[in-house]
Chemist: 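This is the structure, below, for whatever I ask next.
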Amino acid sequence: MVMIIESKAPGSPSGYMTLPARVADLLTEAGCATYLSVYIFTLRQCEKGNLNISNDYIAEALKISKMDVVNAFLFYSSQGLVKIHNFTTVDDGDFDIEFCFSAACEKTAVPFKPSYKASEISRRLQENPRMSQMYKLVGQILGKTLSSADTELLYSFHDYYGLPVEVILVLIEYYVSKGKHSMKYIEKEAGKWASAGIDSIEKAKAHIEKREEFLSYTSRIRTVLGIQERRLTTRELSYIHNWQSEFNMSPDMVKAAYELTVNQTGKLSFAYMNKILESWAKNNIHAPQDVNKQTKPDSKKPKNSRYDFEALQRQALEAVNFPDGRDEKHGV
């Protein structure tokens, strides 16, 4: 049973119902049409004075599952649009809800991720042969029988993250080939793929190719810099990504910047190297021989040199001494 706690909604003209703009925004942001139908239907029952209804009643009226109803309320609770009272477990499904129409409710919001009953997943797999086949193939790729936790996570890749079946198979096969067998790890990557809009095999392959190019480039940069044992930080990886994608610098150019950095500072400094490479990119210097030409002294035109190493050194030292304060979390 769901008890709807009476909520004071903003006044509406006769024959109309007030709907918070945030509810409509979430439809376009998350595409949760099923959740929206639950919200509107239940709000209408509240306005009609039908305060004692069950999740089963809502599910039957909307021709959806009871789990969808529960997840809808949990989702809107996470957005501060409803408050849930007397909640025990997802399996129980008996709780009270209160509609919120003020910004203050958003402060009580909690993170949301849908939960799924094993029986619900089983029913949906029977209804969708392609999903059922996907489970068999994933078990073969992982080389094991999927646990209940694995089954739920895998289902969320499609239902929550919105990835197509064929993309999920490419995702799992790729990361397993990289030695990543943990479904928890793969779930994080599923979220990234979803955020990147990877919704086809073609996009998945393009994403993998780009990632492999970056991994290969990063490996060569590690060799150039003599960093083989420790993990690179997120900030260091960000610098390397810029060198490859924005500055279009080859490992040989990074090596030249590294040698100049050590000569000028006596140590490895990503910030200092980045300033050098950024300057080279602006001056369209992309080959070591061009760097050598710029470094040769010109006694005839000392003041008109295109490349001012003293100015570069001052800029780089300022960047090192006055960092931007970003956290250096470890990356891959």
Side-chain angles (χ1 to χ4, degrees), residues 171 174-175 178-180 185 188-198 202-295 305-332:
L171 166 76
Y174 172 67
Y175 282 102
K178 307 298 288 186
K180 307 294 185 181
Y185 178 89
K188 294 179 181 178
E189 299 304 319
K192 294 176 183 178
W193 282 35
S195 298
I198 302 174
E202 291 72 24
K203 290 181 180 179
K205 289 182 177 179
H207 177 79
I208 289 172
E209 288 175 0
K210 186 175 182 180
R211 185 176 189 274
E212 285 296 306
E213 289 175 359
F214 178 68
L215 291 176
S216 175
Y217 181 84
T218 301
S219 177
R220 296 172 67 185
I221 298 304
R222 278 179 173 274
T223 300
V224 166
L225 304 182
I227 303 175
Q228 299 296 342
E229 301 300 325
R230 70 171 178 84
R231 295 176 57 143
L232 295 171
T233 67
T234 299
R235 189 175 184 182
E236 290 171 342
L237 286 169
S238 178
Y239 278 130
I240 294 174
H241 181 269
N242 287 341
W243 302 343
Q244 180 197 34
S245 62
E246 292 189 24
F247 301 163
N248 193 28
M249 292 295 172
S250 67
D252 287 340
M253 291 297 290
V254 175
K255 181 180 180 181
Y258 168 64
E259 292 174 347
L260 179 58
T261 297
V262 173
N263 288 337
Q264 296 288 346
T265 68
K267 63 180 181 179
L268 167 63
S269 169
F270 275 79
Y272 197 101
M273 287 176 60
N274 191 68
K275 283 292 182 181
I276 295 174
L277 292 168
E278 182 179 20
S279 177
W280 287 349
K282 288 179 179 178
N283 287 280
N284 199 28
I285 300 174
H286 292 280
Q289 57 267 31
D290 294 333
V291 174
N292 293 333
K293 290 178 183 178
Q294 294 297 324
T295 58
S305 175
R306 286 180 59 198
Y307 198 70
D308 189 339
F309 279 94
E310 291 185 2
L312 171 64
Q313 184 178 8
R314 288 195 301 270
Q315 293 172 4
L317 286 174
E318 288 176 1
V320 174
N321 293 328
F322 302 98
D324 57 15
R326 290 178 293 174
D327 293 333
E328 291 196 2
K329 297 181 180 178
H330 287 290
V332 294

Chemist: Using ring-ring contact (aromatic ring centres under 6.0 Å, His included) as the criterion, list what pairs up with H286, not counting sequence neighbours.
Modeler: none
Chemist: Look at the rings of Y239 and F270 and say which category their plane angle falls in: under 30° parallel, 30 to 60° tilted, over 60° perpendicular.
Modeler: parallel
Chemist: Could I get the full list of side chain to side chain contact (heavy atoms under 4.5 Å, CB included) partners for T223, not counting sequence neighbours?
Modeler: Q228
Chemist: Taking side-chain hydrogen bond (donor to acceptor under 3.5 Å, both in side chains) as the test, write out the residues that go with S245, two or more places apart.
Modeler: H241
Chemist: Is there a donor-acceptor pair under 3.5 Å between the side chain of S238 and the backbone N or O of T234?
Modeler: no
Chemist: Report the residues that fulfil side-chain hydrogen bond (donor to acceptor under 3.5 Å, both in side chains) with K210, sequence neighbours left out, ordered by chain and then residue number.
Modeler: none
Chemist: Which residues pass the side-chain hydrogen bond (donor to acceptor under 3.5 Å, both in side chains) test with E189, sequence neighbours left out?
Modeler: Y175, K192
Chemist: With sequence neighbours left out, what residues match A256 under side chain to side chain contact (heavy atoms under 4.5 Å, CB included)?
Modeler: W280
Chemist: Only counting residues at least two apart or in another chain, list the ones meeting ring-ring contact (aromatic ring centres under 6.0 Å, His included) with Y174.
Modeler: none
Chemist: Hey, what do you get for CG (L260) to CD1 (I276), rounding to the nearest 0.5 Å?
Modeler: 4.0 Å
Chemist: Mind checking salt bridge (charged side-chain N to carboxylate O under 4.0 Å, His left out) for E246 and listing every partner two or more places apart, or none if nothing turns up?
Modeler: none
Chemist: Minimum heavy-atom separation for S269 and T261, please, with both atom names.
Modeler: N-CG2, 3.9 Å
Chemist: Whether the side chain of S219 engages the backbone of L215 through a donor-acceptor N/O pair (distance < 3.5 Å, no angle test) should be reported.
Modeler: no
Chemist: Walk me through whether L225 and M273 qualify under side chain to side chain contact (heavy atoms under 4.5 Å, CB included).
Modeler: CA-CA 11 Å; L225 304 182; M273 287 176 60; 3.8 Å; yes
Chemist: At their closest point, which heavy atom of I227 faces which heavy atom of L268, and how far apart are they?
Modeler: CD1-CD2, 3.8 Å
Chemist: At what distance, to the nearest 0.5 angstrom, does CG of L171 lie from CH2 of W193?
Modeler: 5.0 Å
Chemist: How would you list, by chain and number, every residue that makes a side chain to side chain contact (heavy atoms under 4.5 Å, CB included) with K203, sequence neighbours excluded?
Modeler: I198, D199, S200
Chemist: To the nearest 0.5 Å, what is the distance between CE (M253) and CD1 (I285)?
Modeler: 6.5 Å
Chemist: Side-chain contact, heavy-atom cut-off 4.5 Å: L232 with R222?
Modeler: yes
Chemist: Any side-chain heavy atom of R220 sitting closer than 4.5 Å to one from V224?
Modeler: no
Chemist: A194: what forms a side chain to side chain contact (heavy atoms under 4.5 Å, CB included) with it, not counting sequence neighbours?
Modeler: Y161, L163
Chemist: Can you name the salt bridge (charged side-chain N to carboxylate O under 4.0 Å, His left out) partners of E213, sequence neighbours left out?
Modeler: none
